Amino acid sequence: MTRTLVRDLDVATLVARRTPGYSLEAPFYTSSEIYDVDLDLIFGRHWIFVAAEAEIPEEGDYLTVDVGAQSVIVLRDDDCEVRAFRNICRHRGARLLDAGCGSVGNIVCPYHQWTYGTDGSLRFAEEQAEPFDKSQFGLRAVHAKTVAGLVYICLADEPPVDFDDVVAMIEPFLLPFDAKNAKVAHQTETIEDGNWKLVMENNRECHHCEANHPELTSAYFPFNRFAAHEVPVRQRPLFDRFQTAAAALDATCELASFPRGDRRELDTRVSGFQIQHLPLDGVGASYGSNGESLCSVLVSDRVDVKFGDFSLHTQPNAWFHFLGDHVTVFSALPVGVDKTLVRTTWLVHQDAVEGVDYNVDDLTLVWRSTNDEDRSLVERTQRGVTDPGYLPGRYSTVENDVESFVSWYIGRLAALLPGAN
Amino acid sequence: MTRTLVRDLDVATLVARRTPGYSLEAPFYTSSEIYDVDLDLIFGRHWIFVAAEAEIPEEGDYLTVDVGAQSVIVLRDDDCEVRAFRNICRHRGARLLDAGCGSVGNIVCPYHQWTYGTDGSLRFAEEQAEPFDKSQFGLRAVHAKTVAGLVYICLADEPPVDFDDVVAMIEPFLLPFDAKNAKVAHQTETIEDGNWKLVMENNRECHHCEANHPELTSAYFPFNRFAAHEVPVRQRPLFDRFQTAAAALDATCELASFPRGDRRELDTRVSGFQIQHLPLDGVGASYGSNGESLCSVLVSDRVDVKFGDFSLHTQPNAWFHFLGDHVTVFSALPVGVDKTLVRTTWLVHQDAVEGVDYNVDDLTLVWRSTNDEDRSLVERTQRGVTDPGYLPGRYSTVENDVESFVSWYIGRLAALLPGAN
Amino acid sequence: MTRTLVRDLDVATLVARRTPGYSLEAPFYTSSEIYDVDLDLIFGRHWIFVAAEAEIPEEGDYLTVDVGAQSVIVLRDDDCEVRAFRNICRHRGARLLDAGCGSVGNIVCPYHQWTYGTDGSLRFAEEQAEPFDKSQFGLRAVHAKTVAGLVYICLADEPPVDFDDVVAMIEPFLLPFDAKNAKVAHQTETIEDGNWKLVMENNRECHHCEANHPELTSAYFPFNRFAAHEVPVRQRPLFDRFQTAAAALDATCELASFPRGDRRELDTRVSGFQIQHLPLDGVGASYGSNGESLCSVLVSDRVDVKFGDFSLHTQPNAWFHFLGDHVTVFSALPVGVDKTLVRTTWLVHQDAVEGVDYNVDDLTLVWRSTNDEDRSLVERTQRGVTDPGYLPGRYSTVENDVESFVSWYIGRLAALLPGAN
């Protein structure tokens, strides 16, 4: 019962011997060395979702995002473009902007007042010996891209090139929700005491929902992956309702000229993703009781009040639910080997008025509850996989998106680890 | 004055160069690497005491025990046998039972409801692709053994075989106290900020008692290892009283047909142990003022009201005091390289009634105080040995059980370290 | 954008490739390995300032100082000499004296009462097997030296020999302030969440003062390193005032027979140091409003009421401001790789009466505020250099003492690292 210590095995060996269909070996969830690899090769080499554009609506608006120990400034420049920079002064390394968000004209380091424009250029630095080439001391740029109102960044020098193809595939579905012009109704940050992959694995299946998420499951039908003949007799009436709702959603989409067709490329490309469009139970509009709307102003005039749930998953760290009346966006960002930040942002139409058109408590109830329940499950799993007695276990048939997440992750490491082809 | 870093020395070298009669070198108390070795080779390969049977009196009763990062369920099965299992779901590794104790019919994982019987067998797991051999996914069993009401576990696949010999030697002494049928009067958990070996070393000598344990020393005679001719003149009256008490205890034991004869095999076998039977001062019954009883119901009808203190020490992590009116059991369990849990449980006869036959505050006073005083000493020592200026020091003549603990420990590492013969 | 991990580079390589004029690479501020090297080679091999003699005025007075995980007792022996010892019992390694200060006759270990004289000799140890040579078990001595009332210690077996030369150079300047016979008016301890070198670098420049230290900058002229022709037109009146104050200070020193002449040997010797004597603004006496005195009793009759600021910097860890009415002494002591204690002590003449001759709040305002502002800057910089996106930046022309600190540090490592010539 001797533990296998990760220092006895190189990461490449652990990657190579992963058994498909089984959860990962413990070091992937517990070793600092693999955590560093994850930050370098997963979060450092892929497009990661970090914010909604609606969080920085005006020129000069900024927010900071931490990816492990890295802090990135995401900012709307004077030309309205979203840019991203390392949040570090080029003089003596001081953190420039404190955590959070705000608005700036220039970015001025509090230490010795080095001053940068919102384009990252160094504009002012006192007492420098000549020659001093300011262009060598601008803020270090980070790649940033907006996708129908969602901000992705890539910390690599050379970002994955297939992301543009993904954008081309998903934008037609996302643009009708007009997230770019939405406003932020609410935002929460939850620290979960678990490795970021446990947070993602938990998100990638709803096998745990029935027993753990009473708020969420009342909105959804439990039949997503069922063929009609598999439905138990006692659930036939519910299944009939599901089929009626699915047909109604098809009709609604056709009327709205909204494209149909799920896409599932979770582990078959570098920038893995999935889109799905599901009917909701009851009225079928949103997460209110009996499926009622939670915001009386729709997100755009291109969607319908009973538009179900259009969801997007992107590897490695995000998921999204686009409903007719609001959009909820989620990012998971590693804080430590066993600590992950889940940031959740609720978007509504910019003209929706709090207290009139929507109520924050009601709007956010389902995902606030669900996030907290998930936090508890993730932490329970982190405790278990940290136990030297843990052995990888077999995924069930309804955990195939978990398997896809894990196989995407393992595939990416296999491709990017030094020495890999 | 350069420190010797443990990374510059392998553990085997440190083990090999230990000087008998001296405290250990600093890395044994401070290095994470040696802490991992301790968990693997000491706590992972020996029988360790974890609970009194009285803590889980009924079928389905369980408690969880943490040994480093490992959690073990100790449970009374439906056949009344005590069993132990890894506290980890075989599906995705979630911790099954939260820390503490309780009662279960089956063990159900809160994540996806995998369900195990109290015999560890997997009874239910949803949505599994066939073929699925449930017998391959039962809870991982841990060896468990009960010794006159004391529960020992062994995390190794092949537990030390000499433990049965030890049990055969000590059970005749322990059975008269009938701990198996006792009830728990009280339990405390103390976290000490010190390496587990400092906790044990502190327990293995009473050289520190006079200056630090006023409550404890009033119960005991300070003459345990003195020959008559060594007793200072000023202590002759006290020594005479000790000799009288010792003779009375001999007579009491003979009347009760209780075996006599201390055994000291602390470092001469794999499952090191020691038993001693000492008279108590004053009335000689228990830890009450002037040696009075603290529980009016004796632990069994096979012991006497003035039965002194029958003590048991077992390597690596336990000590016990069996008195006529109650039994106190102690386990030390590593939490981290510099953090140790001491769990103390007070047992009385199952018919004893709190508030009538005994009072918890009085019953537990001596060891609650003593534990807390010991915690302070252990923490003081951890601070010192963590200082790079620490050098091993020489044990005094009254610290021979400390030396035996340390030499047992070093001997076990020498035998079990990879590459050892 | 892959991080260079320190484990991939040995410390010697990092030392060898340091670029002069640039801040250090990140591992010098963030790696535990280099922190250990710093403790061994910088704090373990150089004279470090730890206390003012005035903190232990009487025989038997002691204080403890932590240098990393090492605790040192600094004590005034019965012969009035200041001595230093490892704060560890030679028996089982217990910490002897708890943190802080006090007064002792002997030093008695609370664990088993080993008793040491104030000269460190072992006087008493119970139950020792003969032969037992007490002289082998005295407290481990640490080199200690007093310099005009300042206590320096050296943890090395062989301290740097050039320190006596430094003492000979600086004592003529320091003795007139009579710190040896002063009394402690106040002491603060600030924990800064930054590497000790960031604390020192921050101390070694005032480029950050104008924007961050309003209290401090009102006392000083901003012209220290300016040549007359460099002063901007708008600052001519202020510069004229500075020149007048400088001339007045010269005259005052001549009257007081106080030596003139700054010495700057910050990175040109093992025991690097610097002394400077600067006029203060306004009345020119002290840090009061408009440069007024803060204590009505001068520190000695060898200084003048308008004596400006005589400052001393010593590598690696101290700085001092000697004013006519009080002396402020600062030590920076590493607590962890990213945690440093700054201890500040204010000294006044021993006859000065609190509430009559000085008021603690007023006396300490400038440096209490400045310390707290510096703490915030150091922590901001630690956050930045911990970010994998950090790159060393170029020092400005007014940061040459920072460069000297860093080049001294790099030079010392280069000389002392194993394998160095």
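Here the structure is a predicted model, which is why all the values come from computation and not from measurement. The chains referred to below are lettered A, B, ... by the order of the sequence lines, with proteins before strands, and numbering in each begins at 1.
- By the 4.0 Å N-to-carboxylate-O rule, C:R95 lies too far from B:E379 to be salt-bridged with it.
- Listed for the B:D387 side chain is no donor-acceptor partner under 3.5 Å among the backbone atoms of C:N87.
- Nearest heavy atom pair, residue C:Q113 against residue B:A211, reads NE2-CB, 3.1 Å.
- The two residues B:T386 and C:A69 come nearest to each other via the heavy atoms O-CB, 3.8 Å.
- Your options are C:G68, C:C109, C:P110, and the one with the most heavy-atom pairs under 4.5 Å with chain B is C:P110.
- Looking only at distances, no side-chain donor or acceptor of B:S23 sits under 3.5 Å from a matching main-chain atom of C:R92.
- Using a 3.5 Å distance cut-off with no hydrogens or angles, the side chains of B:E205 and C:H112 do pair a donor with an acceptor.
- Put simply, OG on C:S71 and OH on B:Y390 are 16.0 Å apart, with the number rounded to the nearest 0.5 Å.
- A side-chain donor-acceptor contact under 3.5 Å links B:R380 to the backbone of C:L96.
- Residues C:Y111 and B:N202 bring a donor and an acceptor atom of their side chains to less than 3.5 Å of each other.
- Heavy-atom contacts from other residues, nucleotides or ligands closer than 6.0 Å to CD of B:E210 number 12 or fewer.
- Within the 4.5 angstrom heavy-atom criterion, only side-chain atoms of B:Y22, from C-beta onward, approach chain C.
- Both the backbone and the side chain of C:F132 come within contact range of chain B, with heavy atoms under 4.5 Å apart.
- Closest approach of B:P388 and C:Q70 over heavy atoms only: CD-CG, 3.3 Å.
- The most heavy-atom pairs under 4.5 Å with chain C, out of B:L377, B:V378, B:L24, B:L198, come from B:L377.
- Shown are C:Q136, C:H91, C:Q128; of these, the side chain to side chain donor-acceptor pair (under 3.5 Å) with B:R394 is made only by C:Q128.
- Of the atoms belonging to B:V402, it is side-chain heavy atoms, and not backbone ones, that fall under 4.5 Å from chain C.
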